[in-house]
There are 2 protein chains.
Amino acid sequence: MNAKHIQEIRAFNRFYTNIIGLLDRHILHSNYSLPEVRIMFELYHNRGMTASDIIAQIDIDKSYLSRILKGFEKNKLINKVSSGIDKRAIMLQLTPKGKKEFETLDKASEKQIATLFEKLSDKECDELVKKISGIQKLLKKSLQNE
Amino acid sequence: MNAKHIQEIRAFNRFYTNIIGLLDRHILHSNYSLPEVRIMFELYHNRGMTASDIIAQIDIDKSYLSRILKGFEKNKLINKVSSGIDKRAIMLQLTPKGKKEFETLDKASEKQIATLFEKLSDKECDELVKKISGIQKLLKKSLQNE
DNA sequence: ACGAAATAGTGGACAAAGTCAACTAAATTT
DNA sequence: AAATTTAGTTGACTTTGTCCACTATTTCGT
């Protein structure tokens with residue numbers, strides 16, 4: 001890794017930070033915050049997670065998470081069920097209402113992306129996705145502990 | 001753009017959001033916030049910007065920016081000089097202290113990146129950078145207004 | 001088996017980040 | 001010359017996020 005590599009990566013970070021901002025814009029007009037949606041995503045895609053499982057996936061302060069989950073429960077988006085095995089742990093699950101809310105956000109997100117990239121041809125999209133997965137592969141390799 | 005493309009892009013966003021978090025980690029232990037560093041970056045790389053110029057570059061609320069700049073001035077990181085031409089506008093410039101502070105952060109950021117990607121060979125870095133710039137080119141094309 | 005240490009989650013108090021609307025002053029439009 | 005727009009500031013506020021101390025379990029070391 002030389003100085004040029006580093007500069008290119010930094011430029012990309014600045015650039016892509018803006019892109020992510022654009023892609024998250026639909027959330028600003030929803031009733032949820034970014035971390036809330038990110039948490040819903042995890043709960044939607046994994047059955048029976050605990051708060052700790054969520055923390056393992058996304059970098060979030062546990063007390064902040066606790067508060068968000070409390071809010072979810074209050075609004076009937078999730079059920080909290082004590083895990084039988086470990087009495088400290090609590091199993092979380094989206095209610096039908098919670099699932100529906102997430103799906104609405106999810107659809108909006110898809111639409112946002114489709115709009116943002118509408119100028120690209122199918123061929124260009126293929127190219128984009130190919131590069132994207134190449135990057136992920138490289139980065140994951142470098143991030144592997146040990 | 002089809003459903004598969006969209007899913008891949010979203011997965012990349014989630015992934016890369018975490019990467020950005022890792023890359024910004026050094027800022028958490030500095031005396032500055034992320035937006036502050038981002039603003040310093042702009043001031044470092046462009047001479048004689050106004051607050052409006054900064055807003056054109058980064059998406060930030062003008063009153064929030066105003067407060068940050070006020071803090072910078074208080075800590076002698078910038079000079080504010082009324083622009084001769086337009087008496088409403090104020091030219092901003094990093095002081096030597098401001099430049100030095102930014103350079104320190106900048107070095108830390110370089111180091112952070114180098115550490116994060118240390119497992120990649122030079123060849124892999126070349127590959128990474130090539131893909132990165134390809135992505136930027138595609139996205140910029142799609143984002144062009146009109 | 002028993003005490004010490006670790007883990008799961010919560011709650012209070014607080015700090016940081018960011019927004020909104022109202023405002024002054026200068027510049028531009030009509 | 002009045003009306004509108006633009007540059008920037010300020011007060012009051014909300015949202016977002018962190019820190020620390022705490023309870024209740026569970027696991028570890030001996």
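Note that this is a predicted model, so its numbers are computed, not measured. So that the names make sense, note that chain A is the first sequence line, chain B the second, and so on, each numbered from 1.
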Rounded distance in Å - [atom1] ([X]) to [atom2] ([N]):
X: A:I78; N: C:dG9; atom1: CD1; atom2: P; value: 11 Å
X: A:R25; N: C:dG18; atom1: CZ; atom2: C1'; value: 15 Å
X: B:K87; N: C:dT24; atom1: NZ; atom2: C1'; value: 16 Å
X: B:I55; N: C:dG18; atom1: CD1; atom2: C1'; value: 13 Å
X: B:Y32; N: C:dA15; atom1: OH; atom2: C1'; value: 18 Å
X: B:K74; N: D:dT9; atom1: NZ; atom2: C1'; value: 16 Å
X: B:I60; N: C:dT19; atom1: CD1; atom2: C1'; value: 12 Å
X: A:F72; N: C:dT10; atom1: CZ; atom2: P; value: 13 Å

Just to be sure I understand the rule, does [X] reach a base, reach only the sugar-phosphate, or reach nothing, if contact means heavy atoms closer than 4.0 Å?
X: A:S63; value: base
X: A:I90; value: sugar-phosphate
X: A:L28; value: nothing
X: A:I54; value: nothing

Is the backbone of [Y] close enough, under 3.5 Å, to the side chain of [X] for a donor and an acceptor to pair up by distance?
X: B:T104; Y: B:K100; result: yes
X: A:K119; Y: B:Q144; result: yes
X: A:D122; Y: B:M1; result: yes
X: A:Q57; Y: A:I54; result: no

Applying salt bridge (Lys or Arg N to Asp or Glu O under 4.0 Å) between A:E127 and each of A:K130, A:K131, A:K123, report the one that passes.
A:K131
For DNA chain C, whose closest nucleotide is more 5', that of A:D61 or that of B:K62?
A:D61
Got a donor-acceptor pair under 3.5 Å from the side chain of B:R88 to the base of D:dT6?
yes
Looking at the base of C:dG12, is there any donor atom on it, or on the side chain of A:R67, that sits under 3.5 Å from an acceptor on the other one?
yes
Which angle, rounded to 10°, do you find between the first-five-pair axis and the last-five-pair axis of the helix from C:dA1-D:dT30 to C:dT30-D:dA1?
40°
Report yes if at least one side-chain N or O of A:K80 is closer than 4.0 Å to OP1 or OP2 of C:dT10; otherwise report no.
yes
Assuming nearest nucleotide by heavy-atom distance, tell me which of A:P35 and B:L69 is located more 5' along DNA chain D.
B:L69
Out of C:dT10, D:dT25, D:dG17, minimum distance to the side chain of A:Y64 belongs to D:dG17
Nearest to the side chain of A:S33 - D:dT16, D:dA7, D:dT10?
D:dT16
Let me see the working for A:N13 and B:Y16 under side-chain hydrogen bond (donor to acceptor under 3.5 Å, both in side chains), right down to the final yes or no.
CA-CA 9 Å; A:N13 282 335; B:Y16 207 79; 2.4 Å; yes
Carboxylate-amine/guanidinium contact A:K107 A:E103, below 4.0 Å
no
Give the intermediate values and the outcome of side-chain hydrogen bond (donor to acceptor under 3.5 Å, both in side chains) for residues B:D106 and B:S109.
CA-CA 5 Å; B:D106 206 52; B:S109 164; 5.4 Å; no
